[in-house]
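Below: one structure, written as structure tokens.
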Amino acid sequence: MGKLLHLISAFWQVLSPRHYAYPAQDITLGDRQLHLVGSIHMGTQGMLPLPAVLQSRLAQADALIVEADITAGASPFTESERCSPLSERLTREEYARFCRLCDEVAISPEAADSLPAWQVALMLQAQQAQILGLRADYGIDFQLLNAAKKQEKRVIELEGPETQLALLRALPDNGLSLLQDTLTHWQTNARLLQTMIGWWLESPPRTGQSQLPGTFNSALNDVLMLQRNQRWNDALRALPAGKYVVAVGALHLYGEGNLPDLLNQR
């Protein structure tokens, strides 16, 4: 009888999914209940504190699951290999745009000149976010991690900083295409950041198939989005019974091959 009631409850959740005032979905995998949250890694002061509903879900959870525990220690990005000058890796037009953007976000082109291209891309993106008023300590995963540790909740990493670093280092040409996409889609990325902040301050999209502007080429999208979604899907399905709050980047909840769609496949 209990199993029948559980199946009825799960079927009812599929037919009538609960909508939240922030990007989130509830997913049931047998005896595992996931509250899947679309995190913003850098946020605004208006995103403090966490929504009361999310705080309640965390209090009831057996563990918090994140991409990586960003509170765990020093950044793994402090040591970098030296590369050839960016003027030799970029076209003349790309390098001129890079210099203009460095001036816009107050980065010294000389300081970034010999860094791997993926690291330069992340530096530019982080500075762009700060100029838009975003800060890491206002980010959703940062707030969730601090709250979980205060409650002495178990924290589970889907990847961890070292795995993420290895992923970036394995990109072809030291991530040159990531830097090129950052330069090409600079304004689009700024609008996308503002859109995602709006999901937390106003309301999220209602469907996982929401159309969002692309800021990655197809090869990067496959490596940084689709393949990671597949690995996370496998990891979440392997969890023991329990209730979990799962915080991943908000873009992983939407678009083709999104994580909720993979988890909802039977």
Side-chain angles (χ1 to χ4, degrees), residues 39-44 47 67-68 70 74-142 159 161-199 212-225 228 248-252 255:
S39 175
I40 310 294
H41 302 313
M42 298 177 71
T44 66
M47 293 164 63
E67 295 178 28
I70 56 176
S75 168
F77 305 111
T78 51
E79 296 183 8
S80 302
E81 61 179 293
R82 292 186 62 84
C83 301
S84 59
L86 279 170
S87 59
E88 298 178 7
R89 291 179 276 165
L90 298 170
T91 66
R92 181 178 300 179
E93 293 77 12
E94 289 169 343
Y95 186 72
R97 181 162 179 76
F98 163 72
C99 291
R100 289 197 302 272
L101 293 180
C102 281
D103 184 61
E104 179 181 321
V105 300
I107 289 177
S108 166
E110 292 77 16
D113 195 49
S114 63
L115 295 176
W118 62 262
Q119 192 166 3
V120 179
L122 296 187
M123 287 173 59
L124 287 169
Q125 292 172 20
Q127 286 296 106
Q128 181 185 49
Q130 289 203 27
I131 287 175
L132 292 171
L134 280 61
R135 300 290 183 270
D137 51 351
Y138 298 153
I140 298 301
D141 42 353
F142 185 83
E159 293 174 330
E162 293 299 332
T163 298
Q164 293 181 337
L165 178 59
L167 181 69
L168 292 165
R169 283 178 167 166
L171 292 175
D173 300 317
N174 277 312
L176 182 61
S177 64
L178 180 59
L179 176 55
Q180 291 169 325
D181 280 359
T182 299
L183 299 175
T184 300
H185 301 294
W186 185 257
Q187 296 300 330
T188 301
N189 189 63
R191 290 193 296 270
L192 186 56
L193 285 171
Q194 293 166 333
T195 295
M196 292 189 293
I197 293 299
W199 294 348
L212 296 169
T215 57
F216 293 140
N217 62 60
S218 59
L220 275 178
N221 187 66
D222 183 59
V223 172
L224 299 180
M225 301 295 293
R228 294 170 78 203
V248 297
L251 292 180
H252 290 276

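Numbers here simply count residues along the sequence, with the first being 1. Note that the structure is predicted; figures quoted are calculated from it, not measured.
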Contacts of type side chain to side chain donor-acceptor pair (under 3.5 Å), residue [X], not counting sequence neighbours:
X    : result
D181 : N217
R97  : none
E94  : T91, Q180
H185 : none

Can you check whether [X] reaches [Y] side chain to side chain, under 4.5 Å on heavy atoms?
X    : Y    : answer
Q164 : R228 : yes
E81  : N174 : yes
M47  : T44  : yes
T182 : L101 : no

So which heavy atom on [X] is nearest to which on [Y], and how close?
X    : Y    : answer
I197 : G43  : CD1-CA, 4.1 Å
N221 : F216 : N-CB, 3.9 Å
H41  : G249 : NE2-CA, 4.0 Å
A112 : V120 : O-CG2, 3.6 Å
C102 : P109 : CB-CG, 3.9 Å

From [X] [atom1] over to [Y] [atom2], what is the distance, rounded to the nearest 0.5 angstrom?
X    : Y    : atom1 : atom2 : value
T163 : E67  : OG1   : CD    : 11.5 Å
C99  : E110 : SG    : CD    : 8.0 Å
M196 : Q194 : CE    : CD    : 10.5 Å
S84  : D113 : OG    : CG    : 8.5 Å
L176 : L90  : CG    : CG    : 6.0 Å
F98  : S87  : CZ    : OG    : 10.0 Å

With side chain to side chain contact (heavy atoms under 4.5 Å, CB included) as the test, would you mind laying out the steps for L179 and L124 before giving the verdict? CA-CA 9 Å; L179 176 55; L124 287 169; 3.9 Å; yes
Pairs of donor and acceptor atoms involving the side chains of residues 126-137, under 3.5 Å and at least two apart or interchain, shall be tabulated with distances.
| from | atom 1 | to | atom 2 | distance (Å) |
| --- | --- | --- | --- | --- |
| Q127 | NE2 | V105 | O | 3.0 |
| Q128 | OE1 | N189 | ND2 | 2.7 |
| Q128 | NE2 | W186 | O | 2.9 |
| R135 | NH1 | Q130 | O | 3.0 |

Would Y95 and L183 count as a side chain to side chain contact (heavy atoms under 4.5 Å, CB included) if you check the C-alpha gap in whole Å, the side-chain angles of each, and the deciding distance to 0.1 Å? CA-CA 9 Å; Y95 186 72; L183 299 175; over 6 Å; no
Side chain to side chain contact (heavy atoms under 4.5 Å, CB included) between L168 and L122, worked out: CA-CA 10 Å; L168 292 165; L122 296 187; 3.8 Å; yes
Who pairs with R89 by salt bridge (charged side-chain N to carboxylate O under 4.0 Å, His left out), at least two apart in sequence or on another chain? none
